[in-house]
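Okay, structure first, notes after.
By convention in this document, chain letters (A, B, ...) are assigned in the order of the sequence lines, proteins followed by strands, and residues within each chain are numbered from 1. Just so it is clear, the model here is predicted, and its values are computed rather than measured.
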Amino acid sequence: MRIDHLTELYERFKAKLEGVSGECYRVGTASEAGELICNVMLEKGIKNVALLKAPIFDKGNITYQIQSAGIKVYTDHFREVTPTADAGITKVNYAIAESGTLVQADADANVNQRLCSTLVPIHIALVSTSALITTLKETMAKLHQLPQIPGFVGFITGPSRTSDIERVLTIGVHGPKQLVVVFVDEQVEDVI
Amino acid sequence: MADKQFKKKISEALDNDVLRGALGRFGDAYTISRAKAYEGYDFKSISDNIAEVKSYAASHLEEMIDQFEQSATARGAKVFRASTGEDAKQYILDLAQRRDVKKIVKSKSMVSEEILLNKTLISAGISVQETDLGEWIVQLAGQHPSHMVLPAIHLTKEEVAHIFSGHLHKLNQPVIAELVKTAREELRKSFLEADMGISGANMAIAETGTLIMLTNEGNGRLTSTLPPVHVFLVGIEKLVPKFEDATHILQALPKSATGQQITSYVSMVTGPTPAYYSDGTVKDKEFHIILMDNGRRKMYHDEKFKKTFQCIRCASCLNVCPAFQLVGGHVYGHIYTGGIGTILTNFLNSEKDAQNPQNLCLQCGKCSEVCPGKLDIPQMILEIRNRMGEKEGLPFTQKFALDVVSNRRLFHSLLRVASIAQKPFTKGQPVIRHLPMFLSGLTEKKSLPAVAKVPFRDVFKTIKQDVKNPKGKIALYAGCLIDFVYPKIGEGVIVALNEKGYEVVFPEGQSCCGAPATYMGDRNNARKCAIMNIEALEAEKVDYVVSACPTCTHALKVSFKELLQDDPGLAARAEELSGKSKDFSKLLSDLGGLTPGGDGVPLKVTYHDSCHLKRSMGVYAEPRKILTDTSGVQLIEMKESDRCCGFAGSYSIKFPELSGPILERKLNNIEETGADAVVVDCPGCLMQISGGLDKRNPGIRVIHTAELLLEKRKKLKNKTK
């Protein structure tokens, strides 16, 4: 029942995200996520990536997998590397099915989370399938129930876009031009 | 009244094909994408929620401000309350100088435009970079935004390329993707080098001290991530009581602003967050919030304008405004444009600055229909117009005309004289096609109707009403246009109501409903008209008062009450009249409608909704039912049937250059249906549309519902006799 419900939420999220030019995948384990990410990055010709550590990356041995695929992984000095890195990989907290939206709500408002997901031309986001929330309204309630509202809460829905010139939709202004979202079913404890 | 310079700005905007093309395309696309974004959502309940939380904040403003300051301070923010723009600018300048700031990046802030912040900072030798693409283009071009959400909508890609080439010392091709790439590269440098960021906010949550901003480009995220000093400049109207109250605005703002489900980014900032300092260390940034008044409290303390607090700055009112769509934002003269902009300008800049733009409002009410904050913008603009009229007085010619209209005997005898004196211009036609010299602007795109030879008040006496055992008595309020120009409509009303078993009376003392005075800002004369008609109509003695002009009906139902609320005796009589007054098609349908029938002769018609009938009274299904119940009539809906025809009373006289193109769009929609006739319920629309069709396509008739019934049911009536 729970699985069916999550699948339904996932499908809704995927449809919404694809509607705003994002890419959406779902895998069973952290290790499979690593495999998928490698393939996606090789396909896009990514040569180096800024990766913000989280338990899921250790669990799936993801950093090693990426390095083995011949891609350079930066895990620190983000202020220097993110302006020129080919891509950024981060784990985000929640996903809203209603609108295909990712939610960054780290309790410590980690600035690197934002650097790795905003300055890079391609953002790859990992999120637990169980972190899917049905509506925006429920998401706001959930954030409000946290011990305190995190210093920075970021909603991300698709890549950066503008219609400021002649109302023509153009993807990729200040933020990423591509957004890849990978849902992972396997539960990994987040250390907050 | 609009002055010459303002008129010149309008004609320049109208001559700008680029602007008109862009605004037109956007307006059309907007309506569709907005509707799509709201699919599956209940707009009414979302807007009810917004109105509820925002009106709560408005009526507890000081409490909200205190609470916000407390919660934001508890999270480490420094909160400053600026009563004027000068205070806000000084605070930012001092801060920048104290921190030795050389470079500032800004993400979108209309408030900073309002107080011309950039000018202050730049003259102090600080580099200020707008980072919203549209704002940046406008900044490079040395202009102001022409739209709250789409600042550079008035520029083409060619113009943008030219602006970029000039400022960046490298040739830019007019290819949009390339121009956006240039912006990304150029502004990226600014983001990385900036030592201060300045942002606006869409919401400020009192409960948690959180600031929320919605952006699509990502500039909001970068401004609140990179520089080690961050200043939020926020108008006090952005306050929302509780964290979860933000949900309603998050639901509505992107849908209403750009027809998006949600913007690419929503950033919520509560207190200082860690940032990189120039020495490479990461620590909490310096974080300031300025809550600015600058004329706002005065607006929210004014009972008639309190609701402006409910505005969420989505600009949907601009996007659907027929006048804005023609002239764009710059004509409005100041930072805030369109209808809501006129009101904001009146309070945040000066009443004088609002004097010209307030004239642009057609009072069609389309903006109120789409407003997620439930603001009655036309009503507020009318209030501004009235206050100006009271303070400054109207120009002599207008004042003279309105004085005449509120004097029944004089007005009516002049109209009778006119029916004879107009002969040289009508050339035997029922319309005046050309007026001499100085009045020719009025007949350039449309013909004016001739005054009827015999006014309805005289025709009435000749109409035989044989209603046996009448069910009741109905007073007919004709209004000037039916009385003196279209008496046939009055006949139609009587015949239909007789068929329902009611006797119709025509109280002789009735005169103009006062709408011209109301909409021109002359409350005194409007009041005189109200009293005259209340006394003449004696609503106490009849079951209903019927009018076949929705503008008059609106006066009978709503305006009289408002005008006389300070006089208990008259107010009670106005209330009685209001309760009994109904527009023709509404009354007929409330009485059960006519037995379906008609002459059966095929007639393809299309129906135009009058602004007052549809939006003020919610009547649109009733007239359609009347039409489809008439045998032979085939109803073909036109596109945008409820879009204003451009008549709007004196508007068509004040702004023939705007009324003309608005009418043309209506005529295009009519012609597209292939109908033989356009049916209307308003004699004003009838005059406007028939004037246009007479010049362009005399084959299509324009006819009032009551008149159509009269024609199509004539035989039926004869048969049953």
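- Ranking B:R75, B:R25, B:K157 against chain A, the residue ahead of the rest is B:R75, based on heavy-atom pairs under 4.5 Å.
- Put simply, of A:I156, A:V20, A:T170, the one with the most heavy-atom pairs under 4.5 Å next to chain B is A:I156.
- Taking B:I212, B:L214, B:V282, B:L250 one by one and counting their heavy-atom pairs under 4.5 Å with chain A, the maximum is reached by B:L250.
- The two residues A:F152 and B:S224 come nearest to each other via the heavy atoms CE1-OG, 3.7 Å.
- Both the backbone and the side chain of A:P176 come within less than 4.5 Å of a heavy atom in chain B.
- Using a 4.5 Å cut-off between heavy atoms, B:A22 makes no contact with chain A at all.
- Annotation: side chain of B:P151 is in contact with side chain of A:D164 (closest heavy-atom distance under 4.5 Å).
- With a 4.5 Å cut-off on side-chain heavy atoms, B:L226 and A:R114 do not count as touching.
- Of the listed residues (A:N112, A:L102, A:I171), the greatest number of heavy-atom pairs within a distance under 4.5 Å of chain B belongs to A:N112.
- For B:Y277, the OH atom sits in a packed shell: over 12 heavy atoms of surrounding residues, nucleotides or ligands are nearer than 6.0 Å.
- Looking at heavy atoms from C-beta onward, B:L133 lies in side-chain contact with A:I165 at the 4.5 angstrom threshold.
- Within 6.0 Å of the CD atom in A:E18, the count of heavy atoms belonging to other residues, nucleotides or ligands exceeds 12.
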Trace of the side-chain contact (heavy atoms from CB on, under 4.5 Å) decision for A:R79 with B:L192
CA-CA 9 Å; A:R79 184 65 167 77; B:L192 293 169; 3.5 Å; yes
Dump the intermediate steps for side-chain contact (heavy atoms from CB on, under 4.5 Å) on A:E166 and B:E159, then the final yes or no.
CA-CA 11 Å; A:E166 292 192 359; B:E159 288 170 307; over 6 Å; no
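- In this structure, no portion of A:E80 lies under 4.5 Å from any heavy atom of chain B.
- Proximity to chain A (any heavy atom under 4.5 Å) is restricted, for B:T208, to the side chain, taken from C-beta onward.
- The shortest distance between side-chain heavy atoms of B:Q261 and A:T157 does not fall below 4.5 Å.
- A:R167 touches chain B through its side chain: at least one heavy atom from C-beta onward sits under 4.5 Å away, while N, CA, C and O do not.
- Without hydrogens or angle criteria, B:E217 side chain to A:H174 main chain gives no donor-acceptor distance under 3.5 Å.
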Pair A:T162-B:N216, side-chain contact (heavy atoms from CB on, under 4.5 Å): steps then yes or no
CA-CA 6 Å; A:T162 187; B:N216 275 313; over 6 Å; no
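- Near-neighbour residues of residues 116-125 of chain A relative to chain B, defined by a heavy atom under 4.5 Å from a heavy atom of that chain, comprise A:S117, A:T118, A:L119, A:V120, A:P121.
- Side-chain atoms of B:R184 come within 3.5 Å of backbone N or O of A:G175 as a donor-acceptor pair.
- Here the OG1 atom belonging to B:T215 is positioned 11.5 Å from the CZ atom belonging to A:R161, to the nearest 0.5 angstrom.
- For B:F287, no part sits under 4.5 Å from any heavy atom of chain A, backbone or side chain.
- Side-chain contact between B:L187 and A:V173: absent, with no pair of heavy atoms (C-beta onward) separated by less than 4.5 Å.
- Residues of residues 134-151 of chain A having a heavy atom under 4.5 Å from any heavy atom of chain B, listed by number: A:L136, A:K137, A:M140, A:A141, A:L143, A:H144, A:Q148, A:I149, A:P150, A:G151.
- Side-chain contact between B:R221 and A:Q104 is present, with heavy atoms from C-beta onward closer than 4.5 Å.
- For B:T210, the part lying near chain A is the side chain, with the backbone staying farther off; criterion is any non-hydrogen pair under 4.5 Å.
- With B:S264 contributing its side chain and A:S160 its backbone, the two residues share no donor-acceptor pair below 3.5 Å.
- Contact of B:E185 with chain A is not made at all, since no heavy-atom distance falls under 4.5 Å.
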Yes or no on side-chain contact (heavy atoms from CB on, under 4.5 Å) for A:V111 and B:T273, after CA distance, side-chain angles and deciding distance?
CA-CA 8 Å; A:V111 62; B:T273 53; over 6 Å; no
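- Between B:T258 and A:S163, every side-chain heavy-atom pair lies at or beyond the 4.5 Å cut-off.
- The candidate with the highest count of non-hydrogen atom pairs below 4.5 Å against chain A, out of B:K242, B:E207, B:Q251, B:H248, is B:E207.
- With chain A as partner, the option from B:I153, B:L222, B:V160, B:V149 having the largest number of non-hydrogen pairs under 4.5 angstrom is B:L222.
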